[in-house]
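Throughout, residue positions are numbered sequentially from 1 according to the sequence presented. Atoms within each ligand, like the ligands themselves, are counted from 1 in listed order. Values below: all heavy atoms of this structure, side chains included; hydrogens, waters and symmetry mates excluded.
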Amino acid sequence: MPHIAVVGSGPSGVYTAQSLVQPGGLPGARVDVLDRLPCPYGLVRYGVAPDHEKIKSLQGTLRAVLQDERVRFLGGVEVGPALPPAKVLELYDAVVYCVGAAADRRLGIPGEDLPGSWSATDFVAWYSAHPDARDEGFVRGVRTAVAIGVGNVAVDVVRMLARGAAELMPTDMPQAALGALAASEVRDVYMVGRRGPSQARFTTKELRELGALPDTELIVEEAESALDGGYREPAGLPAAARRNVEVLRGWAGRPRRGAAHRIHLRFFLRPVEIVEGRGRVAGVRFERTRPDGLGGVSGTGTYEEVGAELVLRSVGYRGVPVEGLPFDAVRGTVPHAAGRVLRGGLVSPGEYVAGWIKRGPTGVIGTNRPCAKETVASLVADAPALIGARSARDPLEGLVAAGARPVEWDGWRAIERAEAALGASLGRGSVKIQDWAGLLGAAREDRRA
Ligand code: NAP
């Protein structure tokens, strides 16, 4: 019986497991889905904003796959120095790495590491209760915040900064983050793009949501946006960009109405320095840019400073190497051919990739389905040469012998019950546990019960 390991239980990992066991997949396959965290679902649990309940509900679909009798969730198992890829490949017929892109891209400008300048991924991890997240006191003493970048992550963090306690209360956000955001005095939030409105990466549905926030006004500077030919004449734009521009044009030039929160959508400003004052962030210095006629921008030599106590760098994710796997540091991905891992340019038998570590951090969750299918098609084609070489023992025995202490599905369900109990004790729905000890304690409590 072929036994395959999928490393990573986010959407790409779960879609890979699903493609392997469904008709057209690998006949007779058993799939272990390994994750370094004791909890499944990757960025659906730790990246999708807590107020995006509809997207979060995708967990139901992922759950059904992980509960399939041919699939086994093994949380708390990290492939890395203590359990190298070569060892995992000894235990399984094939291994598919779906480890995502866990780090953030850097701006490479002075002041980037000042206190008060954080990556959006740090902020997201904190309000999503990722057990590795640190409480940096993100919003303490902040009245003005700047998000650099105009992708969907920037829209998420801007929206979370503008949301009030009543809207956050029903989410599963950890109690400490809820308390901090509820008490925040943030009034002005800037979301700043280095190019024009028609080149923004956010999607229209996400953009529109900003306009629906209670007691919040949207500020778009008409003259600045109109530097973009696509903004002036949206008719010729691709549909997605045209819809974005139409929404922005609808907000431009609206009279101010004195709402509690103001979201400023700024364009043609590229960050050149995070400015320091009293040892921490005091603002961002931008150079004004103009379109270069080729889709990019050029500097104008004129500058503008936006004063702020908080800067969230939201310029994209970056893949992180898995020790023992090849890595293309420029792209932040594992080199591959149709999902087959390449070592020194040659296919490494039995090793595959899918998701962001394969194609880079782009696309929506659904993009991972065809990506996983392509990888599984490669694996199925290669299967005759792969299957049967390993010992017939259950790979779980080998993982445990190598020092792993997996959290199986029952352990995860115990965490879910503990989170429901925590929420009930706080008069809320389910509330996420935010530390390793709490998660592992809940998972292992189940074994003792
Ligand atoms: P993204 O979509 O790649 O956007 C990155 C933004 O950062 C772009 O505006 C980019 O501008 C800007 N940027 C990059 N380098 C910069 C620099 N040096 N200086 C100034 N700006 C810079 O990345 P993301 O927002 O992290 O999103 C990652 C993926 O997750 C996307 O596919 C996104 O759609 C997805 N996602 C989806 C949702 C949702 O569906 N609700 C939520 C969150 C994330 P340029 O275009 O000029 O490079």
Item to complete: Return yes or no for this condition: an N or O of D156 is under 3.5 Å from an N or O of ligand 1.
Response: no
Worksheet item: atom 35 (C) of ligand 1: which of G47, G363, G151 has the nearest heavy atom?
Response: G363
Item to complete: Taking only heavy atoms of L107 into account, list the atoms of ligand 1 that are under 4.0 Å away from them.
Response: 17 (C), 18 (N), 19 (N)
Discussion item. Between ligand 1 and T362, is the shortest N or O to N or O distance under 3.5 Å?
Written reply: no
Worksheet item: Which atoms from ligand 1 have a heavy atom of R195 less than 4.0 Å away?
Response: 45 (P), 46 (O), 47 (O)
Worksheet item: Heavy atoms of the protein only: does one fall short of 4.0 Å from atom 29 (C) of ligand 1?
Response: yes
Discussion item. For Q434 and H130, which I'm curious about, is there any donor-acceptor pair between the side chains at under 3.5 Å?
Written reply: no
Worksheet item: Any idea which part of V48 is under 4.0 Å from ligand 1, heavy-atom wise: side chain, backbone, both or neither?
Response: neither
Discussion item. When you compare the side chains of T171 and D51, does any donor N or O come within less than 3.5 Å of an acceptor on the partner?
Written reply: no
Worksheet entry | atom 5 (C) of ligand 1: nearest protein contact (heavy atom, Å) | V315 C, 3.9 Å
Discussion item. Below a 4.0 angstrom heavy-atom separation, can you tell me which part of T203, side chain or backbone, both or neither, approaches ligand 1?
Written reply: neither
Item to complete: For ligand 1, find out whether one of its N or O atoms is nearer than 3.5 Å to an N or O atom of P271.
Response: no
Worksheet entry | Residue part near ligand 1, for V153, under 4.0 Å between non-hydrogen atoms | both
Item to complete: Say whether Y317 and D104, considering side chains only, have a donor N or O and an acceptor N or O under 3.5 Å apart.
Response: no
Worksheet entry | Shortest non-hydrogen contact between D172 and R428, atoms and distance | C-NH2, 4.0 Å
Worksheet entry | Under 3.5 Å side-chain donor-acceptor pair for N368 and R359 | yes
Fill in: atom 9 (O) of ligand 1: the protein heavy-atom neighbour that sits closest, reported with distance to 0.1 Å
V150 N, 3.0 Å
Worksheet item: Any heavy atom of E206 sitting closer than 4.0 Å to ligand 1?
Response: yes
Fill in: Winner among Q199, R201, H52, R194 once heavy atoms are compared against atom 20 (C) of ligand 1
R194
Worksheet item: Counting heavy atoms only, which part of A120 comes closer than 4.0 Å to ligand 1: side chain, backbone, both or neither?
Response: neither
Worksheet item: What pair of heavy atoms forms the shortest contact from V150 to V192, and how long is it?
Response: CG1-C, 3.8 Å
Discussion item. Looking at R106, I want to see if its CZ is surrounded by more than 12 non-hydrogen atoms of other residues, nucleotides or ligands under 6.0 Å.
Written reply: yes
Worksheet item: So does E305 have more than 12 non-hydrogen atoms from other groups sitting under 6.0 Å from CD?
Response: yes
Worksheet entry | Heavy-atom pair of closest approach, residues Q175 and V431 | N-CG1, 4.1 Å
Item to complete: Find all atoms of ligand 1 within a distance of less than 4.0 Å from any non-hydrogen atom belonging to G316, and give their numbers and elements.
Response: 23 (O), 26 (O)
Worksheet item: Does G193 have a non-hydrogen atom less than 4.0 Å from ligand 1?
Response: no
Item to complete: Using only heavy-atom distances, determine whether the side chains of W436 and D132 contain a donor-acceptor pair under 3.5 Å.
Response: yes
Item to complete: Go through the steps to decide whether F73 and W412 satisfy the test ring pair (Phe, Tyr, Trp, His ring centres under 6.0 Å), and finish with yes or no.
Response: CA-CA 9 Å; F73 172 68; W412 159 241; 7.3 Å; no
Worksheet item: Of the listed options (D104, T289, N152, T367), which comes nearest to atom 37 (C) of ligand 1 when hydrogens are ignored and any heavy atom counts?
Response: N152
Worksheet item: Among side-chain atoms of S117 and R313, is any donor-acceptor pair under 3.5 angstrom?
Response: yes
Worksheet, complete the sentence: Any heavy atom of F286 under 4.0 Å from ligand 1? The part involved is neither
